[in-house]
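Quick caveat: nothing in here was measured; it's all calculated off a predicted structure. Lettering follows sequence order; numbering is per chain, from 1.
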Protein chains: 2
Amino acid sequence: MKKNTLGSLIWLRMMRFTHESNNLSNEFLKQFDLTTAQFDVLLQISIFEPITQSELAKKVTVTQGGISRMLTRLEQEQLIVRHQDWKTKFISLTPKGNEKLNNAFEAQLAFQSSFFDETLTKEEQKTLYKLISRVQKNSEQRSK
Amino acid sequence: MKKNTLGSLIWLRMMRFTHESNNLSNEFLKQFDLTTAQFDVLLQISIFEPITQSELAKKVTVTQGGISRMLTRLEQEQLIVRHQDWKTKFISLTPKGNEKLNNAFEAQLAFQSSFFDETLTKEEQKTLYKLISRVQKNSEQRSK
DNA sequence: AATTATCACTTTACTACTCAAATGATAATA
DNA sequence: TATTATCATTTGAGTAGTAAAGTGATAATT
């Protein structure tokens, strides 16, 4: 019989949770005709616009190639614009993109929160946030 | 300016962490010629063998179609066997699969643990495990 | 002025997943 | 015995990601 470490048990739970909740979120966002990844991208753009593609790619942990395709799709649906300045493309939301994000925003945040609100007290959520933040910052460093 | 909820901040950190650490893990496991998903599948088989495909699919949160393809690849590399009994296929590790898993097991668990060992005390890890377990069990219920 | 370098972005080839329709082995029914 | 039903698994079509090679606009060098 193999012996687990505490860390490996945490890792497994987190992987399962993010996988499951990501699937549920994709299902939930269908009413807005968005995927979880698209929502994430639109939100980051709304916070940091105008933002370059490579900066955006880093924020949403996707490769350059990946963000290029995603933005092509979002541009086709007229949710964003790319304004080229020298060799850099600056991304902004269109009014249509802004409206779509605003429509989905509250519902999606309530949806995300529900996973924690249903199981943890406010104090426990604060603790969880502190711990996971430390862990995530470390893995972000290691990714470079 | 949009207002975040505590839950949405936790959600984002978790998504980022699992994405980043999954990428790092795939890189790490190249030395064993495995992906993170394959390691997970082999480990579940070793614990529950003989196990049917549909049970295995549930354990690793992948669809029936997905597990079918994964197992086809693992079978081609002779790491697993599928023994058909009536309409069900029971999956087991081959000696080769067992050996590959044993080779990778300790290293991979140490790798997974390192994300937490580098940032959290043992006590903090226990707390994190308790909290995330409650959250994950809830999302597992909701997935059904 | 022509060539070369730089660098953000795009594209190609590949992998791996999803959903849903098809397959195939057996059981139940007519 | 032929037909139909059942149900785990497979397959086809589509989507989304990766790594790495290609593109194109500008800057630097000769």
Rounded to the Å, how far apart are [X] [atom1] and [N] [atom2]?
X	N	atom1	atom2	answer
B/Leu74	D/dT10	CG	P	13 Å
B/Phe90	C/dA25	CZ	P	17 Å
A/Gln53	C/dT11	CD	P	11 Å
B/Glu75	D/dT10	CD	P	8 Å
B/Leu29	D/dT18	CG	C1'	17 Å
B/Ile51	D/dT9	CD1	C1'	15 Å
A/Ile91	C/dA8	CD1	P	14 Å
A/His83	C/dA8	NE2	P	18 Å

Checklist entry - Just checking A/Ser68: base, sugar-phosphate only, or nothing, at a heavy-atom cut-off of under 4.0 Å? => result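 Base: the residue A/Ser68, judged by heavy atoms under 4.0 Å, touches a nucleobase.
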Checklist entry - Is there a side chain to side chain donor-acceptor pair (under 3.5 Å) between A/Arg13 and B/Gln136 once you walk through the steps? => result CA-CA 6 Å; A/Arg13 290 282 182 188; B/Gln136 189 270 325; 2.6 Å; yes
Item to check | ring-ring contact (aromatic ring centres under 6.0 Å, His included) partners for A/Phe115, two or more places apart | outcome: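 A/Phe115 satisfies ring-ring contact (aromatic ring centres under 6.0 Å, His included) with A/Phe17, A/Phe111 only.
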Item to check | Lys/Arg N to Asp/Glu carboxylate O, A/Arg134 vs B/Glu124, below 4.0 Å | outcome: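 Between B/Glu124 and A/Arg134 there is a salt bridge, with a charged N closer than 4.0 Å to a carboxylate O.
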Checklist entry - Can a salt bridge be assigned to the pair A/Glu75 and A/Arg82 using a cut-off of 4.0 Å between side-chain N and carboxylate O? => result yes
Item to check | Set of side-chain hydrogen bond (donor to acceptor under 3.5 Å, both in side chains) partners for B/Arg142, sequence neighbours left out | outcome: A/Ser114, A/Glu118
Checklist entry - Partners of A/Asn102 by side-chain hydrogen bond (donor to acceptor under 3.5 Å, both in side chains), sequence neighbours excluded? => result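 With neighbours one apart ignored, the set is B/Lys2.
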Item to check | Atom CD of B/Glu106 with >12 non-hydrogen neighbours under 6.0 angstrom | outcome: no
Next on the checklist: For A/Lys130, is the NZ atom crowded, meaning more than 12 foreign heavy atoms sit under 6.0 Å from it?
Outcome noted: no
Next on the checklist: One character per nucleotide, please: for nucleotides 13-22 of chain C, 5' to 3', B when the base has a protein heavy atom closer than 4.0 Å, S when only the sugar-phosphate does, - otherwise.
Outcome noted: B--SSBS---
Report, one line per pair, each donor and acceptor closer than 3.5 Å where one atom sits in a side chain of residues 58-68 of chain B; sequence neighbours left out.
unit_1: B/Thr61; atom_1: OG1; unit_2: A/His19; atom_2: ND1; d: 3.2
unit_1: B/Thr63; atom_1: OG1; unit_2: B/Gly66; atom_2: N; d: 3.2

Checklist entry - Distance check: side-chain N/O of B/Lys89 vs OP1/OP2 of C/dA25, anything under 4.0 Å? => result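 No, B/Lys89 has no side-chain N/O under 4.0 Å of OP1/OP2 on C/dA25.
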Checklist entry - Between the two end axes of the helix from C/dA1-D/dT30 to C/dA30-D/dT1, each built from 5 base pairs, what angle do you get to the nearest 10°? => result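 Inter-axis angle at the ends, rounded: 30°.
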